[in-house]
A.B. asks: 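What follows is a structure written as structure tokens; I'll ask about it next.
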There are 2 protein chains.
Amino acid sequence: MQESSIVESKARSNPETPLLGRLRQMIVTGVVQPGDLLAETALAQDFEVSRTPIREALKQLEREGLVEVRARVGTFVRKPTQREIHEMFSLKEAFEGLAAGLLARRGAVPELDQLKENVARSQQAVERGDAELYSQLVHEFHSTLVAGADNRKLSEHYDLLMNQLAYHRIVSQTLSLPGRLQNSKDEHQAIIDAISSKDPLAAELVMRRHVAASSQSAALAAMKEEDEEQPG
Amino acid sequence: MQESSIVESKARSNPETPLLGRLRQMIVTGVVQPGDLLAETALAQDFEVSRTPIREALKQLEREGLVEVRARVGTFVRKPTQREIHEMFSLKEAFEGLAAGLLARRGAVPELDQLKENVARSQQAVERGDAELYSQLVHEFHSTLVAGADNRKLSEHYDLLMNQLAYHRIVSQTLSLPGRLQNSKDEHQAIIDAISSKDPLAAELVMRRHVAASSQSAALAAMKEEDEEQPG
DNA sequence: TTGAACTCTCTTGCATACAAGAACTCTATC
DNA sequence: GATAGAGTTCTTGTATGCAAGAGAGTTCAA
């Protein structure tokens with residue numbers, strides 16, 4: 001239905017090399033953990049290519065902020081600092097607020113129907129207490145909304161940001177917080193209402209409030225994860 | 001005083017390779033024109049290195065949207081489409097609006113004083129009718145404001161955007177439009193007032209209105225340039 | 001036991017050779 | 001004159017070899 005969009009979403013002239021996508025997915029989904037060494041030679045053997053394309057992909061990932069290349073030492077999976085996470089949630093709020101406003105301006109488009117359907121399915125997920133399905137639907141809701149803004153540059157920046165946040169991992173943790181499920185669904189409904197009434201300002205405002213609320217939960221979850229790793 | 005910031009501004013662990021910066025500057029400042037071929041071999045000879053580092057830099061520039069690499073054909077300086085320019089100005093509005101809000105929240109910081117001084121100098125430039133100096137001060141105003149938001153992720157995204165817009169070229173064209181100089185300066189003053197009164201919402205609103213206004217002028221100038229190139 | 005120096009290994013950085021393909025040019029043919 | 005085709009040339013894509021440096025481990029001396 002909806003493209004994954006965290007891992008792959010650009011519709012550019014040059015389709016992304018499979019290598020880059022696979023490496024990025026490994027990082028974003030947590031197959032490799034922050035601090036892990038991504039050695040070019042080892043990866044080259046794993047993927048059965050030479051170091052050259054591996055190297056290009058790693059350099060690209062460095063620019064995306066997912067890894068850190070230390071000259072003549074190694075390439076390591078990067079972990080955003082608390083400050084960076086906070087900064088990125090500010091950006092997320094701005095991006096999605098902009099998207100909501102643009103979408104409201106566009107009026108009735110297919111994406112709006114997709115959002116309505118999403119909320120309907122979310123309602124069922126909430127009733128069944130299916131947190132995992134709901135988490136997936138949340139991701140779909142937000143990416144559909146941004147896609148509906150019909151602004152490719154926005155999408156590019158947004159995808160970049162979401163990859164850095166390793167968003168879906170944080171979201172699934174966030175939603176385990178008690179009561180957050182029902183709140184989140186209601187907020188989604190309010191967003192759709194504002195968009196449907198073609199009020200860009202209201203749409204942006206509601207959207208930003210929603211992102212701010214979930215950001216707070218997410219930041220909390222991220223901080224909690226931090227504590228669990230280093231209990232001392 | 002203020003770092004150029006269009007060409008170089010990141011304070012990352014890995015300092016940017018000189019090659020990348022030089023190539024980027026060549027594109028942003030118009031030394032090489034859209035459509036021009038950037039052949040790896042030729043550049044390697046010019047810069048007296050092998051193709052490998054050149055290649056890395058070009059790949060990076062591709063990700064930044066400044067060049068287009070067509071496999072086995074060539075790497076070409078890219079020209080944003082009218083649609084992309086429009087999209088990017090939407091993003092610019094969101095970024096600078098966010099920055100103004102964040103800066104207002106921070107209160108009295110050195111950057112605020114820099115902004116005040118900037119407006120004072122701009123006043124002089126307007127009185128003297130020095131459009132070039134004013135153009136430079138405009139650039140400085142906006143980059144100081146974003147820097148003042150104290151959000152590195154925002155700065156990264158903003159720099160990326162500005163490079164794609166080859167912003168200063170467009171600005172200098174824009175400001176030649178009659179009456180725009182005085183208007184622009186007054187708007188800058190209004191932005192500072194809003195920030196000084198520590199009203200994030202007002203600051204964001206005024207900022208966004210300002211960006212929207214200058215965007216309209218800039219888009220017009222870009223369109224005009226387009227027409228001049230292809231008169232038929 | 002501690003510390004310093006040295007060596008050894010592993011990493012990325014860079015240069016280069018070769019492969020593959022796109023596009024242009026020139027020629028032959030209709 | 002127009003067009004199809006082959007060949008040439010230019011481009012980027014990939015593999016690989018070597019250089020340089022960081023860092024861990026070891027050894028030796030105090």
Side-chain angles (χ1 to χ4, degrees), chain A residues 7-8 10-27 31-79 164, chain B residues 8 10-27 31-79 163-164:
Chain A
V7 154
E8 186 99 31
K10 285 198 257 177
R12 297 281 292 278
S13 54
N14 253 5
E16 198 173 59
T17 116
L19 257 186
L20 177 54
R22 286 172 68 186
L23 277 171
R24 190 189 290 116
Q25 194 162 26
M26 283 172 63
I27 297 172
V31 173
V32 290
Q33 294 287 321
D36 283 0
L37 169 67
L38 296 179
E40 294 173 3
T41 310
L43 289 173
Q45 287 177 350
D46 287 353
F47 288 97
E48 296 182 317
V49 292
S50 81
R51 272 181 59 209
T52 311
I54 295 286
R55 204 178 151 67
E56 270 182 15
L58 289 179
K59 285 287 182 184
Q60 168 79 10
L61 292 174
E62 181 187 28
R63 284 301 166 182
E64 294 181 14
L66 295 182
V67 305
E68 179 185 357
V69 180
R70 289 166 58 190
R72 298 193 162 92
V73 176
T75 303
F76 301 91
V77 179
R78 203 163 165 287
K79 178 178 192 171
Q164 285 183 33
Chain B
E8 187 100 29
K10 285 199 253 175
R12 296 282 292 277
S13 55
N14 254 6
E16 198 173 62
T17 113
L19 258 185
L20 177 53
R22 287 173 68 184
L23 278 171
R24 190 189 290 117
Q25 195 162 25
M26 284 172 62
I27 297 171
V31 173
V32 290
Q33 293 287 320
D36 283 359
L37 170 67
L38 296 179
E40 295 174 3
T41 311
L43 290 173
Q45 286 176 351
D46 287 352
F47 289 95
E48 296 182 317
V49 292
S50 81
R51 273 182 59 209
T52 311
I54 294 288
R55 208 178 148 67
E56 270 180 15
L58 289 178
K59 285 289 183 183
Q60 168 63 19
L61 291 173
E62 181 187 27
R63 197 195 73 73
E64 293 181 13
L66 295 182
V67 305
E68 178 185 357
V69 180
R70 290 167 56 191
R72 300 196 160 87
V73 176
T75 303
F76 301 91
V77 178
R78 205 162 163 285
K79 178 178 192 168
N163 281 329
Q164 285 183 36

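As a basis for the values below, the full set of heavy atoms in this structure was taken, side chains included, without hydrogen atoms, waters or symmetry mates. We name chains A, B, ... by the order of the sequence lines, and we start the count at 1 in each one.
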A.B. asks: Does any N or O in the side chain of B/E64 come within less than 3.5 Å of the main-chain N or O of B/Q164, such that one atom is a donor and the other an acceptor?
C.D. replies: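 No; judged by distance alone, with no hydrogens or angles, the pair does not exist.
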
A.B. asks: Figure out the CD/P separation between A/Q60 and D/dG13, and round it to whole Å.
C.D. replies: 13 Å

A.B. asks: What is the distance, to the nearest angstrom, from the CZ atom on B/F76 to the P atom on D/dC10?
C.D. replies: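 Atom-to-atom, B/F76 to D/dC10, this comes out as 15 Å.
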
A.B. asks: Only one of B/L66, B/V69, B/N163 forms a side chain to side chain contact (heavy atoms under 4.5 Å, CB included) with B/L61, so which one is it?
C.D. replies: B/L66

A.B. asks: Would you mind telling me which of C/dA23, C/dT11, D/dT12 lies closest to the side-chain atoms of B/V73?
C.D. replies: C/dA23

A.B. asks: Taking CZ from A/R55 and C1' from C/dA15, how many angstroms apart are they, rounded to a whole number?
C.D. replies: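 To the nearest whole Å, that distance equals 12 Å.
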
A.B. asks: Just the rounded figure in Å: distance from P of C/dA15 to CD of B/E48.
C.D. replies: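 Taking atom P of C/dA15 as the reference, CD of B/E48 is at 11 Å.
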
A.B. asks: What is the distance from CG of A/L58 to C1' of C/dT11, rounded to the nearest Å?
C.D. replies: 12 Å

A.B. asks: Figure out the CD1/C1' separation between A/I54 and D/dT14, and round it to whole Å.
C.D. replies: 12 Å

A.B. asks: Would you kindly give the CG-to-P distance between B/L20 and C/dG13, to the nearest whole Å?
C.D. replies: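 Distance, rounded to whole Å: 14 Å.
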
A.B. asks: Can you tell me if the side-chain N/O atoms of A/S50 get under 4.0 Å from OP1 or OP2 in D/dT14?
C.D. replies: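 Looking at the OP1 and OP2 atoms of D/dT14, neither is under 4.0 Å from any side-chain N or O of A/S50.
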
A.B. asks: At what distance, to the nearest 0.5 angstrom, does CD of B/Q60 lie from CG of B/L23?
C.D. replies: 11.0 Å

A.B. asks: Would you call A/E56-B/R55 a salt bridge at under 4.0 Å N-O?
C.D. replies: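 Answer for the salt bridge query: yes.
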
A.B. asks: Would you please confirm or rule out a distance under 4.0 Å between OP1 or OP2 of D/dT14 and any side-chain N or O of A/T52?
C.D. replies: no

A.B. asks: What about B/R51, does its side chain sit under 3.5 Å from the base of D/dG13 through a donor-acceptor pair?
C.D. replies: yes

A.B. asks: Using a cut-off of strictly less than 4.0 Å, decide whether B/K59 has a side-chain nitrogen or oxygen near OP1 or OP2 of D/dG13.
C.D. replies: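 Affirmative; the distance criterion is met.
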
A.B. asks: Rounded to whole Å, how long is the line connecting atom CG of A/L43 with atom C1' of C/dT12?
C.D. replies: 13 Å

A.B. asks: Just N and O in the side chain of A/T75: are any of them under 4.0 Å from OP1 or OP2 of C/dT12?
C.D. replies: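 Yes, such a contact exists.
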
A.B. asks: Evaluate the criterion side chain to side chain contact (heavy atoms under 4.5 Å, CB included) for residue pair B/L38 and B/I27; output intermediate values, then yes/no.
C.D. replies: CA-CA 10 Å; B/L38 296 179; B/I27 297 171; 4.3 Å; yes

